[in-house]
Amino acid sequence: MSNKTTPVIQQYLSIKEQYKDAILFYRMGDFYEMFFEDAKLASKLLEITLTSRNKKDDVPIPMCGVPVRAVQGYIARLIQQGYKAAICEQTEDAAAAKGIVKREVVRVITPGMIIENEFLDEKSNNYIFSIATQKGRGDVSVMGFSYLDISTGTFRVSESEDSDAVIDEMLRVSPKEILLPESLKNPSYSQAAMKDLLASVSEKAVTFLEDRFFDHTRGRERLLDQFKTLSLEGFGCEHLKAAVSAAGALIYYVGETQKQKIEHLTGIETYVLGDYLLIDDLSCRNLELVKNLRTGTKQGTLLGTIDRTVTAMGGRLLFRWLRYPLMNVKKILARLDAVEEAKENLQAARTIRENLKTVYDLERIGSKIAMGYANARDLIALKRSLNMLPKIASLLSQFKSGLFKWNKETEFFEKIGFLADLIEKAIREDAPPTIHEGGIIKTGYNSELDELITISKDGKGWLAQLEVREKKATGINTLRVRYNKVFGYYIEIPRSRANDVPPHYVRKQTLVNAERYITDELKTFESKVLNAEDRRGALEYELFDEIRKEIVKNNPEIQAAARFVARLDCLLNLSEIAEQNNYVRPEINTQGHIFIEHGRHPVIEKMITGERFVPNTVRLDDSENQILIITGPNMAGKSTILRQVAILSLMAQMGSFVPAGKASVSVMDRIFTRVGALDNLSQGQSTFMVEMQETANILNNATSKSLVIIDEIGRGTSTYDGLSIAWAVAEYLHDLRAKGVKTLFATHYHELTELAMTKSRVKNYNIAVKEWNDEIIFLRKLVEGGTNRSYGIQVARLAGIPDKVIQRAKKILFDIETGEHGDDVSYTAPMVPSPEGKDQCRERPVQLELFGSPGHFLTDELQNLDISTMTPLDALNYLNELQERTKKLGIEN
Ligand code: ADP
Ligand code: MG
């Protein structure tokens with residue numbers, strides 16, 4: 001008989017057929033087994049032994065397995081690597097089954113569909129993101145998108161005609177899994193945007209669903225069914241067809257993977273992309289907002305510096321505030337008001353923070369309870385958290401800011417109080433982690449349960465009595481009544497007294513020193529007690545489930561409490577870090593100014609050792625100070641000041657105080673950054689191409705309300721190319737939509753400082769250094785005016801370049817600057833050390849004074865000119881041509 005036809009394998013294959021893209025965990029007794037390709041893959045991913053089923057057969061079936069007890073850890077590892085696990089259980093009692101045991105997939109765990117805390121990072125959301133396209137007005141394709149964190153119930157939706165914006169948004173949301181219509185697998189004709197999209201998600205877990213699951217009408221019905229409403233009007237997305245299609249597909253997928261109603265998903269939040277300051281993914285990385293470029297962790301990032309939230313919910317919300325800074329001035333001011341008030345009442349605020357520390361992750365506990373994955377300990381955690389809320393509310397009553405006020409206070413607290421009381425009355429503090437074996441419900445909660453407990457308890461007394469009675473009757477003083485799992489209750493008597501045992505004792509087991517007996521009386525007693533205990537376990541589970549349902553009914557209140565706590569935690573966090581780090585309240589102006597007096601970089605000021613951070617003052621406006629060209633030697637602090645301005649603007653828009661003496665900022669719509677390719681070489685991208693793509697993005701998308709940070713441009717190509725591009729880019733930004741855009745432009749091309757002479761809103765700054773004994777001292781001060789020296793050699797010395805090389809470099813530089821380069825100097829392409837790249841060299845021409853001494857670039861041509869063959873007219877024409885060419889290059893003399 002071939003393997004494939006054994007009933008188990010047949011059943012396996014028919015189930016596997018429905019879960020092709022998941023690894024099927026097929027329950028067999030105490031193990032989950034995997035077969036065929038799944039087994040090969042899983043054994044590799046999980047580092048477990050690959051064996052085979054029916055080894056003797058010609059074609060053995062590859063197989064591997066994990067014990068049921070340990071399955072969580074294995075699933076977690078698969079999910080982290082982007083795989084899915086379909087959990088197939090035995091759905092009938094193996095002993096009662098006729099033939100093969102029935103099995104069913106009860107749940108599919110995917111990277112974007114996780115409930116268990118063990119798999120989740122407490123301070124970040126775990127999102128699944130779905131995208132759908134619809135034909136909109138005038139045949140424009142509209143892209144709808146929606147994302148969901150099933151562990152918290154967070155569910156959002158929006159749409160846009162701009163596919164790039166949707167891709168940006170997806171990167172910002174940073175989902176763990178992406179849901180797409182199958183037809184996008186091979187995007188056709190006009191779907192260039194889709195190709196970009198697919199390329200940008202290629203490293204993530206992508207799940208394709210048949211297109212029909214993205215159908216608008218069906219999707220809308222699914223949402224109405226889920227939310228139990230008659231329209232989506234109340235959620236603000238009734239009219240957004242593409243958005244609803246995307247959200248509808250998510251609900252379908254939730255059903256397919258969870259195999260149950262998700263009661264905690266009671267609504268969806270519609271939002272508009274343009275309502276938030278957009279910091280694209282690249283800028284987010286460049287500014288190191290949430291992830292350290294080198295280590296990939298939160299340390300050394302803005303989030304790492306300003307996140308002192310004390311609850312998981314607060315931590316997740318702060319992350320969101322940071323990635324979605326506000327543009328609505330009123331809302332920004334409301335947050336700032338609250339932060340300020342808390343800072344002024346620091347003691348009260350700190351007391352509240354202390355209390356918040358004991359509030360558990362209400363969002364995730366609520367979801368876990370709703371989905372039936374919670375145990376009694378979760379309920380206890382919920383109770384403790386709910387009990388904290390009235391106390392926190394009363395501490396808050398002295399605060400006036402709107403954001404510190406609970407809505408619908410009394411009704412809300414009645415419900416919360418009711419739930420806490422219910423749990424208090426019913427659930428034992430010392431409950432075990434399992435929910436099927438009793439020990440969960442307190443005595444006094446349910447009379448039937450109390451009776452059952454009495455029976456088991458009384459049983460113990462009865463046994464003691466029995467022992468006394470039997471000792472007397474038999475005269476055997478060493479007689480004991482005992483219990484073990486194999487035999488149940490028994491009477492034990494030392495071997496030496498075996499002859500004194502009465503005839504109604506039935507011998508069960510003989511040990512070296514003892515004999516064990518049972519009696520009818522003992523058996524009857526045993527079944528009564530054991531029945532009571534069985535029944536007790538079942539009844540406790542029923543009671544637990546009733547309480548669970550009661551909690552689920554009030555889940556909207558729990559979620560509301562969670563939202564409030566999260567916001568409170570964030571606001572108090574911002575006031576605490578403002579206090580600790582000496583931040584000030586920024587003003588929000590409407591004149592388009594960014595004025596930062598004595599500003600500091602919040603992360604670097606914490607990280608530098610030895611040196612003190614030098615504050616700097618920066619003014620940007622739309623008149624004289626729109627484009628600041630910042631020069632200065634390497635290591636002077638150019639990059640730092642650029643990022644500082646971007647980060648401070650962002651902090652202000654999230655409602656935070658800022659590290660400065662004084663600050664006034666206007667609301668930005670986007671922050672763009674373009675950071676020197678050398679600065680993120682670690683990412684292994686082809687430098688110049690990436691640099692130009694990033695620049696193109698800025699030039700095509702910046703508006704007069706954006707803030708642009710350009711930190712070195714053109715370094716990936718030759719000096720002349722680079723300078724020309726940098727020059728043209730700066731000009732373009734100055735003239736953008738006839739208004740220009742606020743730009744900080746750090747560059748090592750000193751020539752760019754000449755722009756200030758022709759472009760009215762350009763201003764030159766440099767970061768001052770002091771020369772001292774042929775060394776440089778970094779002053780870190782931004783001052784007006786350009787520089788004309790790069791101090792590259794001095795910086796090279798600081799980096800530890802051998803003195804011999806330094807001396808030689810100085811000689812070459814001197815010769816070039818004085819135009820006295822002799823035969824021994826070749827300046828076309830010597831290997832020069834790159835100061836940032838520490839230990840790497842790359843080919844780069846020595847930087848020439850392009851506009852300072854035009855002589856040498858004409859030399860070759862003039863030397864090769866054969867004057868003897870020229871007519872006077874030729875000569876005149878040639879002279880004219882030379883003049884035109886030099887003019888084009890902008891050479892004046
Ligand atoms: P550049 O971009 O000009 O090469 P960076 O901005 O990368 O220079 O700064 C180099 C180093 O100088 C930073 O890592 C930091 O340690 C230090 N630094 C920069 N700005 C300041 C400042 N204002 N105060 C103190 N140290 C600073
Ligand atoms: Mg730099």
Side-chain angles (χ1 to χ4, degrees), residues 283 285-288 292-295 299-302 305 581-582 596-618 628-648 658-661 663 673-682 687 691 694 708-716 722 726 743-750 752-753 764-770 775-783 785-800 833-838 840 844 847:
S283 300
R285 275 189 278 146
N286 284 339
L287 295 172
E288 299 193 289
N292 186 307
L293 274 180
R294 272 178 307 113
T295 62
Q299 258 218 318
T301 66
L302 180 61
T305 307
N581 301 337
N582 203 12
I596 296 168
E597 199 175 286
H598 303 308
R600 287 127 40 208
H601 190 299
V603 181
I604 294 184
E605 76 164 336
K606 294 254 153 202
M607 296 210 310
I608 51 170
T609 46
E611 213 175 338
R612 233 176 53 84
F613 194 90
V614 180
N616 268 305
T617 298
V618 175
L628 310 188
I629 306 277
I630 301 177
T631 44
N634 276 308
M635 286 301 288
K638 299 185 297 298
S639 301
T640 305
I641 210 161
L642 260 55
R643 286 161 203 234
Q644 183 174 313
V645 172
I647 287 176
L648 264 58
V658 296
T673 64
R674 152 65 233 131
V675 169
L678 287 176
D679 293 355
N680 54 20
L681 252 190
S682 55
T687 51
E691 190 178 321
E694 293 172 18
V708 175
I709 299 294
I710 295 189
D711 189 357
E712 300 283 5
I713 185 172
R715 286 198 298 185
T743 304
L744 291 169
F745 204 118
T747 182
H748 68 285
Y749 298 119
H750 309 131
L752 272 192
T753 56
N764 290 324
Y765 283 88
N766 73 87
I767 301 192
V769 292
K770 207 157 89 183
E775 285 187 20
I776 48 167
I777 298 167
F778 296 115
L779 299 181
R780 313 271 182 228
K781 267 289 172 208
L782 188 70
V783 294
T787 42
N788 53 8
R789 291 205 49 191
S790 56
Y791 300 96
I793 294 175
Q794 284 86 342
V795 176
R797 185 210 300 276
L798 285 181
S834 137
E836 276 110 335
K838 287 193 180 76
Q840 51 205 322
R844 186 165 73 176
Q847 194 175 319

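All ligand and atom numbering here is 1-based and tracks the order in the structure.
The distance from ligand 1 to the heavy atoms of Arg612 drops below 4.0 Å at these ligand atoms: 24 (N), 25 (C). Ligand-side atoms of ligand 1 in range of Pro633: 3 (O), range being under 4.0 angstrom from any heavy atom. Of all the atoms in ligand 1, the ones that sit under 4.0 Å from a non-hydrogen atom of Glu611 are 25 (C), 26 (N). Within ligand 1, counting atoms from 1 as listed, the ones closer than 4.0 Å to a heavy atom of Lys638 are 1 (P), 2 (O), 3 (O), 4 (O), 6 (O), 8 (O). If you number the atoms of ligand 1 from 1 as listed, the ones under 4.0 Å from a heavy atom of Asn634 come out as 4 (O). For ligand 1 and Ser639, the ligand atoms under 4.0 Å from any heavy atom of the residue are 1 (P), 2 (O), 6 (O), 7 (O). Every atom of ligand 1 is numbered from 1 in the order shown, and the set under 4.0 Å from a heavy atom of Ala636 is 1 (P), 3 (O), 8 (O). Close approach of ligand 1 to Phe613 is summarised as follows: ligand atoms under 4.0 Å from at least one heavy atom of the residue are 21 (C), 22 (C), 23 (N), 24 (N), 25 (C).
In this structure, Leu642 and Ile630 have side chains that are in contact, with non-hydrogen atoms separated by less than 4.5 Å.
Side chain of Arg643 to backbone of Glu288: no donor-acceptor contact under 3.5 angstrom is found. Listed for the Asn292 side chain is no donor-acceptor partner under 3.5 Å among the backbone atoms of Thr301. Looking only at distances, a side-chain donor or acceptor of Thr617 sits under 3.5 Å from a matching main-chain atom of His598. Side-chain atoms of Ser283 come within 3.5 Å of backbone N or O of Thr673 as a donor-acceptor pair.
A donor-acceptor pair shorter than 3.5 Å can be found between the side chains of Ser639 and Asp711. Between the side chains of Asn766 and Lys638, no donor-acceptor pair is found at a separation under 3.5 Å.
Distances from the Mg ion (ligand 2) show that Thr640 has no N/O/S atom below 2.8 Å.
Checked against a 3.5 angstrom limit, the closest N/O atoms of Gly637 and ligand 1 fall inside it. Not one N or O of Ile604 is nearer than 3.5 Å to an N or O of ligand 1, by distance alone. Backbone and side-chain nitrogen or oxygen atoms of Ile608 are examined, and none is located within less than 3.5 angstrom of a nitrogen or oxygen of ligand 1.
Among Leu798, Ile793, Val769, the single residue meeting the side-chain contact (heavy atoms from CB on, under 4.5 Å) criterion with Pro633 is Val769.
Residues that satisfy the side-chain hydrogen bond (donor to acceptor under 3.5 Å, both in side chains) test with Lys781, not counting sequence neighbours, are absent from this structure.
Heavy atoms of Arg643 stay at 4.0 angstrom or farther from ligand 1.
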